[in-house]
Amino acid sequence: MRNTDMTPLILANATEAANAVAERIITLLQDKPDAVLGLATGATMEPVYHALIGAHRAGRVSFSRALSFNLDEYVGLHPTHPGSYRSTMNRLLFDHVDIDLSRTHVPDGMASDIERAAADYEQQIAEAGGIDLQLLGIGRNGHIGFNEPGSPLESRTRQVRLHAETLAANRTFFADARVPETAITMGIATILSARSIVVLATGAAKQAAVAEALAGRFDAACPASALSAHGDVTWILDSAAAPGARAA
Ligand code: GLP
């Protein structure tokens with residue numbers, strides 16, 4: 001079902017919102033077991049992966065024929081570093097479901113030639129036939145993937161420098177608080193190439209970014225506003241992240 005309007009689905013709390021996102025992924029895999037999933041990291045996604053593991057254990061969904069591509073990865077972090085998005089994905093999802101790790105892709109933040117690794121990533125996505133469903137979170141400053149404010153609409157996978165507020169927000173994921181300052185991320189155009197997009201935002205800290213993104217036109221100051229140019233985006237929010245919500 002195509003969703004051509006940007007009216008968000010607003011659920012009572014973060015768990016219900018995450019469950020609704022998980023159900024979208026489960027339904028897709030039931031209909032199309034070899035679907036290509038675009039996956040995301042961030043604390044917002046943790047309950048989504050928790051729900052997917054539960055559904056897998058209950059025999060409702062299999063990932064064995066799926067392929068996955070994650071949005072981004074830090075540059076210079078070894079995949080075994082607990083803060084890397086590769087190890088995060090393994091820990092939160094891949095190690096607990098029936099997907100062979102060879103079918104999961106995360107940009108190579110350790111490549112000696114990042115530009116080449118970025119071009120290879122775009123090619124791998126194209127060879128997989130493109131992404132069926134891209135899961136997205138949103139940064140407090142409106143970033144998607146690691147496309148910070150100012151990222152061009154036509155950007156593709158590339159190396160980027162993270163903004164100070166993103167480094168601060170992500171510090172909690174690093175025991176030593178040393179967050180890498182650069183990352184490799186799918187670009188805005190890469191994200192918009194997905195056939196469908198599901199955005200999940202929960203918590204009051206995301207409310208302002210969500211409101212800007214839903215304003216209806218692209219403003220480079222809020223990369224998530226680029227999603228208004230896509231014909232099939234579903235926004236799923238909890239009540240705290242919904243525009244106009246008052247602090248509890
Ligand atoms: C990170 C990720 C994004 C994610 C965002 C929000 O920087 N690169 O893909 O959507 O931050 O993260 P959180 O869910 O922890 O707020």
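Numbering of ligands and ligand atoms starts at 1, following listing order.
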TODO: Indicate yes or no: at least one non-hydrogen side-chain atom of Phe174 is less than 4.5 angstrom from one of Tyr74.
DONE: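 SC-SC contact between Phe174 and Tyr74 confirmed.
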Task: Pair Arg158-Thr190, side-chain donor/acceptor within less than 3.5 Å - done: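 There is no such pair between these side chains.
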Task: Sorted by chain and number, the residues that approach ligand 1 to under 4.0 Å with a heavy atom - done: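 Thr41, Gly42, Ala43, Thr44, Asp72, Tyr85, Gly137, Ile138, His143, Gly145, Phe146, Asn170, Phe173, Lys206.
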[X]/[Y] ion pair, N-O < 4.0 Å:
X	Y	value
Lys32	Asp132	yes
Glu181	Arg161	yes
Glu212	Arg217	no

- [ ] For the residue pair His56 and Phe63, categorise the inter-ring angle as parallel (less than 30°), tilted (30 to 60°) or perpendicular (more than 60°).
- [x]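 Ring orientation of His56 relative to Phe63: perpendicular.
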